[in-house]
2 protein chains.
Amino acid sequence: MIATDLPESRTGSRGRRRSFDMDEAVETAMRLFHARGYDAVGVAELGAELGIKPPSFYAAFGSKAGLFERALRRYASGEANIFARAQAEGGGVAEVIERTLLLAAQLYPERNGVAGCLVLDGARNSADPEACALAEVMRKAGVAAIRDFIAGEAPERADALADFVAIAMKGMSAAARDGADEAALTVVAQMAGRAFRRELAEG
Amino acid sequence: MIATDLPESRTGSRGRRRSFDMDEAVETAMRLFHARGYDAVGVAELGAELGIKPPSFYAAFGSKAGLFERALRRYASGEANIFARAQAEGGGVAEVIERTLLLAAQLYPERNGVAGCLVLDGARNSADPEACALAEVMRKAGVAAIRDFIAGEAPERADALADFVAIAMKGMSAAARDGADEAALTVVAQMAGRAFRRELAEG
DNA sequence: GCAAATCTGTAGCGATCACTATATTTTCTC
DNA sequence: GAGAAAATATAGTGATCGCTACAGATTTGC
């Protein structure tokens, strides 16, 4: 989705140097999109926060959706990828899923105006089909990773169990964006984790 | 929030008759807001769907947010108030909550472009503080009703249990808006219902 | 009939939306 | 230094946003 002739694929070394740090810019945009959602953050505001004018913005990112895609990728490759973090600590399916949900309960509550999950809620209700599609791809990739992992122990029911985990995370993300604190989310994470463990064992 | 000098408080009978049906207009607006969210539906589109021009729109509803409030009220007073419907059938707390969640699993999946809960997700990520506040009031009222009902059997843990129910419903609404079907939502509703019942009994 | 009251259509308000045409500045290769 | 390449600033594009001034149409009370 990122055009191949954008800055990161720079071949020649000639030309004026960029006056701002693209990583910092993506980080800032990620925070803004996360806090208020894709549509509610305008290019004018992004430019002001980044300290750049529109032509620099479009030369660097191609479009608002292009910057959103970079923000999504940055988000998913960092600490927000709670399933990867839970999986890295090892253990069986139930243990990893319980750990994932508890990590969500820690990560999702509001901090500095940011709450919930950017991938799950960043493009929610957006009028821009491109932003919605970008978020959907990331969502589906995340659920697919969880499903494949669950399939190692319960191949027949992996789809339904992964759907359950996804819905629990969507609920926690939405609740966090509505103001839920870590205590409330932890209760849900524990209850959902136990429900998952029982469903996995009993099926 | 509805100004007292709006049409429903008409005292005199003089003046030109309204050329459209306000109930139908609110119903149409409700459907549009529900399908795409508050910000994604513009006044121009509402006017076109309703077959009225801006001055008629503002004379009747005061503002876009005024129409949204009417849509929310209409929504909450109809079949979408699944907790009231579940409660009306009687039974204990666990039974009513389980029924509520199953009703959500039936109601939330996409039908004619509409999915999830208007109150929970209609103003999600909206840039309009008024729309957000209106939805928040309705959300809190719904959770309060559930909490008060649960308090009849578990006064100490009513808050946490009601939070759990709210988060489950938010997850189901968000998932439905992402395309989840009744089967997926029913699995979650059953698991969440069982988790709720156990938590209620064991606490 | 006439005035008050109410709604409707025409037309357009200022603000913001994402985005861009153009020219200038900077930096490299040669 | 010449020329190519890339990023910049100035300024503004058309479209859409929610909303409104104004005059005409319609219906009532008197």
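Residue numbering restarts at 1 for every chain, and letters A, B, ... go by the order of the sequence lines.
- Checking D:dC19, D:dT8, C:dA4 against every side-chain atom of B:Arg14, the shortest atom distance belongs to C:dA4.
- Relative to the ring axis of B:Phe33, B:Arg36 does not place its NZ or CZ within 45° and under 6.0 Å from the centre.
- In this structure, B:Ser56 does not reach the C:dC7 phosphate: none of its side-chain N or O atoms is under 4.0 Å from OP1 or OP2.
- For B:Pro55, the side-chain atoms get nearest to C:dT8 when compared with the rest of C:dA5, C:dA18, C:dT8.
- Aromatic ring pairs are classed by plane angle as parallel below 30°, tilted from 30° to 60° and perpendicular above 60°; the pair A:Phe196 and A:Phe164 is parallel.
- The distance between atom CG of B:Leu67 and atom P of D:dG18, rounded to the nearest whole Å, is 12 Å.
- For A:Lys64, the listed nucleotide lying nearest its side chain is C:dA18; candidates were C:dT29, C:dA18, D:dT27.
- Distance B:Phe57 CZ to C:dT6 P: 20 Å, rounded to the nearest Å.
- Between the CG atom of A:Asp21 and the P atom of D:dA7 there is a distance of 14 Å, given to the nearest Å.
- With hydrogens and angles ignored, the 3.5 Å screen pairs a side-chain donor or acceptor of A:Thr28 with a backbone N or O of A:Glu24.
- Nucleotide C:dT16 holds its C1' atom 14 Å from the CG atom of B:Asp128, rounded to whole Å.
- Relative to the ring axis of B:Phe57, B:Lys64 does not place its NZ or CZ within 45° and under 6.0 Å from the centre.
- When the side-chain nitrogen and oxygen atoms of B:Arg18 are compared with OP1 and OP2 of C:dC7, one or more of them lie within a distance under 4.0 Å.
- In this structure, the CD1 atom of A:Ile52 is 13 Å from the P atom of C:dC19, given to the nearest Å.
- In the interface, the side chain of A:Arg16 is paired with the base of C:dT25 through a donor and an acceptor atom under 3.5 Å apart.
- Between B:Ser19 and C:dT8, a side-chain N or O to OP1/OP2 separation shorter than 4.0 Å is present.
- A:Tyr58 has no side-chain polar atom (N or O) that falls below the 4.0 Å cut-off from OP1 or OP2 of C:dT20.
- Using a cut-off of 4.0 Å between Lys/Arg side-chain N and Asp/Glu carboxylate O, A:Glu98 and A:Arg194 are scored as not salt-bridged.
- Distances shorter than 4.0 Å separate some side-chain N or O of B:Lys53 from OP1 or OP2 on C:dT10.
- Between A:Arg17 atom CZ and D:dA5 atom P there is a gap of 15 Å when expressed in whole angstrom units.
- If you measure from atom CG of A:Leu46 to atom C1' of C:dT16, you get 14 Å, rounded to the nearest angstrom.
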